[in-house]
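Counting starts at 1 for both ligands and their atoms, following the listed order. In what follows, every heavy atom counts, from backbone to side chain, and hydrogens, waters and symmetry copies are set aside.
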Amino acid sequence: MQSILITGGLGYIGSITITELYKTIGKQYKIIILDNLINSKIQVLDTISSIIGEKLDLHIVDIQNYNELSEVFKKYQEKNPINYIIHFAALKAVGESVENPIKYYQNNVVGTLNLLRCAEEYKCQNFLFSSSATVYAPGEFVDEEAPFKPSNPYGETKVVIEYLIRSLSKKGGRYLCLRYFNPVGATKDGKLGEMPNKPNNLFPYIEQVAIGNLEQLYVFGNDYNTHDGTGIRDYIHVLDLAEAHVVALQELIKRDEKNENYYDYFNIGTGKGFSVIDIVNEYSKLVPIKYQITNKRVGDVAILVANPNKTKEKLGWIAKRGLTEMCQDSYNFIKSKQ
Ligand code: UD1
């Protein structure tokens with residue numbers, strides 16, 4: 001049996017993707033999790049086990065450590081060779097990346113380079129990469145041919161890795177980059193969701209207000225050129241995002257079995273934009289969310305929304321869950337963690 005290596009598999013998106021994968025194609029492959037626990041908790045492994053009914057192999061390894069990473073590939077080489085990689089592991093706090101670009105390039109770029117070196121050495125030629133909408137300039141209905149214009153070192157690391165992948169793909173193999181817009185929400189049972197140490201993004205912040213840990217939300221600016229002056233984003237339910245990974249992996253498997261070379265990149269968003277106030281209003285149907293308008297956040301943009309058409313046409317994937325469900329699942333998750 002071949003293996004699928006999932007880096008960052010105990011993180012928010014990685015863990016939920018594993019449970020979705022397992023439901024569909026996971027049983028035909030051995031799933032191996034790699035995580036350095038920097039932004040995740042070891043208990044997530046037990047949660048995954050309780051959902052899928054099986055204990056998966058976990059390697060607590062930092063992708064910056066080439067030797068330890070290489071040992072993982074070596075360990076499975078004989079019986080369960082790693083033939084597919086889904087690469088989630090990355091640092092993703094924009095503010096921190098501005099403060100410490102070296103840390104971000106070191107972790108994200110060098111770490112991915114190590115992973116791709118191992119993949120080359122152990123003849124694994126199927127690679128699915130977590131990219132981000134942050135590679136683009138702001139805009140409405142942004143398609144995949146929009147030029148790269150990252151506005152912070154975090155976004156730059158995603159662009160550099162996408163360039164590396166594009167160059168590698170010219171030598172053969174199968175490579176996909178998924179550019180996520182704003183993933184939110186949690187699993188229906190409230191077991192898996194995002195638990196950042198310190199909330200920076202909108203939903204984790206609202207969740208803390210929803211359960212009374214924070215008094216109010218600070219809305220960053222209300223004079224953007226949008227319908228109510230607050231920033232508009234393309235929020236996507238994390239379960240839709242997880243399903244996108246399943247579809248993308250199936251595409252890699254299909255091409256691998258035919259021994260075809262393949263390289264592509266896709267937006268993973270809904271194509272619909274909501275403002276901060278739209279979100280507050282929707283969430284307030286569940287629980288009142290007090291807010292106050294404050295100054296704009298440095299580096300924020302008015303609007304960033306996906307054109308999801310290419311993903312629909314070429315991968316047959318489309319987001320199914322709307323804003324009401326995103327808010328309900330987010331609230332359900334955070335309540336169950338109290
Ligand atoms: C941020 C990152 C982006 C990353 C994404 C991951 C920045 C500038 N960009 O996107 O690179 O890929 O997270 O999900 O950080 N807001 C408030 N109050 C808050 C928090 C947010 O008003 O306490 C507003 C923001 O101004 C923005 C919207 O909510 O209009 C969404 O913000 P956020 O959830 O941080 O995501 P992005 O900034 O879009």
Side-chain angles (χ1 to χ4, degrees), residues 8 11-14 16 39 88 90-99 101 104 108 129-140 142 148-159 161-162 177-186 193-196 198-210 213-238 240-241 267-270 273-283 289-306 323 326-327 330:
Y12 171 43
I13 301 167
I16 296 177
N39 196 23
F88 292 105
L91 296 176
K92 62 155 200 157
V94 173
E96 188 190 33
S97 80
V98 175
E99 296 296 314
Y104 273 67
N108 294 0
F129 174 59
S130 295
S131 189
S132 167
T134 192
V135 299
Y136 299 124
E140 227 166 325
V142 175
F148 286 146
K149 201 168 181 289
S151 56
N152 54 64
Y154 160 67
E156 288 161 19
T157 66
K158 294 290 177 187
V159 170
I161 296 164
E162 282 218 23
C177 301
L178 300 185
R179 297 175 184 161
Y180 316 158
F181 280 68
N182 290 57
V184 299
E194 189 169 20
M195 277 300 243
K198 179 176 163 275
N200 281 310
N201 297 113
L202 182 61
F203 267 71
Y205 207 96
I206 290 181
E207 286 165 5
Q208 293 305 314
V209 177
N213 281 350
L214 293 171
E215 199 201 330
Q216 60 181 356
L217 170 73
Y218 292 93
V219 174
F220 299 143
N222 67 347
D223 59 354
Y224 286 107
N225 185 17
T226 62
H227 64 271
D228 58 19
T230 65
I232 291 182
R233 297 290 183 277
D234 186 333
Y235 296 93
I236 170 159
H237 197 298
V238 67
D240 279 319
L241 177 58
N267 285 345
I268 305 295
T270 65
F274 292 100
S275 72
V276 179
I277 297 299
D278 291 335
I279 306 289
V280 169
N281 289 340
E282 187 62 41
Y283 219 104
I289 301 296
K290 211 173 135 200
Y291 70 88
Q292 185 185 322
I293 307 292
T294 182
N295 294 338
K296 284 177 174 167
R297 183 170 64 179
V298 178
D300 261 358
V301 298
I303 181 157
L304 185 57
V305 175
L323 188 59
M326 297 180 209
C327 294
S330 144

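With hydrogens and angles disregarded, no donor-acceptor distance shorter than 3.5 Å links the side chain of Y283 to the backbone of E207. Side-chain atoms of N225 do not come within 3.5 Å of backbone N or O of A302 as any donor-acceptor pair. Between the K158 side chain and the S130 main chain, a donor and an acceptor come within less than 3.5 Å of each other. Side chain of D228 to backbone of T230: a donor-acceptor contact under 3.5 angstrom is found.
When P183, S132, G231, A93 are ranked by how near their heavy atoms come to atom 12 (O) of ligand 1, first place goes to S132. Taking only non-hydrogen atoms, the option from V301, V94, N201, V276 nearest to atom 5 (C) of ligand 1 is N201.
The distance from ligand 1 to the heavy atoms of D300 drops below 4.0 Å at these ligand atoms: 8 (C), 25 (C), 26 (O), 38 (O). With ligand atoms numbered from 1 in the order given, ligand 1 contributes 22 (O) to contacts under 4.0 Å with heavy atoms of V219. In the vicinity of Y154, heavy-atom distances shorter than 4.0 Å reach the ligand 1 atoms 11 (O), 12 (O). Of all atoms in ligand 1, numbered sequentially from 1 with element shown, those under 4.0 Å from a heavy atom of N182 are 10 (O), 36 (O), 37 (P), 39 (O). Which parts of ligand 1 touch Y218 is read off a 4.0 Å heavy-atom cut-off, strictly below it: atoms 17 (C), 18 (N), 19 (C), 22 (O), 23 (O).
With hydrogens left out, the protein atom closest to atom 22 (O) of ligand 1 is F220 N, 2.9 Å, a heavy atom. The nearest protein atom to atom 27 (C) of ligand 1, hydrogens excluded, is given as R233 NH2, 3.7 Å; this is a heavy-atom distance. Counting protein heavy atoms only, atom 38 (O) of ligand 1 is closest to R297 NH2, 2.8 Å.
Exactly one of V280, I279, N281 qualifies for a side chain to side chain contact (heavy atoms under 4.5 Å, CB included) with I289. That residue is V280.
Neither the backbone nor the side chain of N152 comes within 4.0 Å of ligand 1, counting heavy atoms alone.
Note: an N/O pair closer than 3.5 Å links L202 and ligand 1 by distance alone. Of the polar atoms of K92, none of the N or O atoms is found under 3.5 Å from an N or O of ligand 1, judged by distance alone.
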Derivation of the side chain to side chain donor-acceptor pair (under 3.5 Å) call for Y154 and E96: CA-CA 9 Å; Y154 160 67; E96 188 190 33; over 6 Å; no
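Note: I16 CD1 to D240 CG = 11.5 Å, rounded to the nearest 0.5 Å. For the atom pair F203 CZ and N182 CG, the distance stands at 9.0 Å (nearest 0.5 Å). To the nearest 0.5 Å, atom CG of residue N39 and atom NZ of residue K92 are 7.0 Å apart.
In this structure, Y235 has a heavy atom closer than 4.0 Å to ligand 1.
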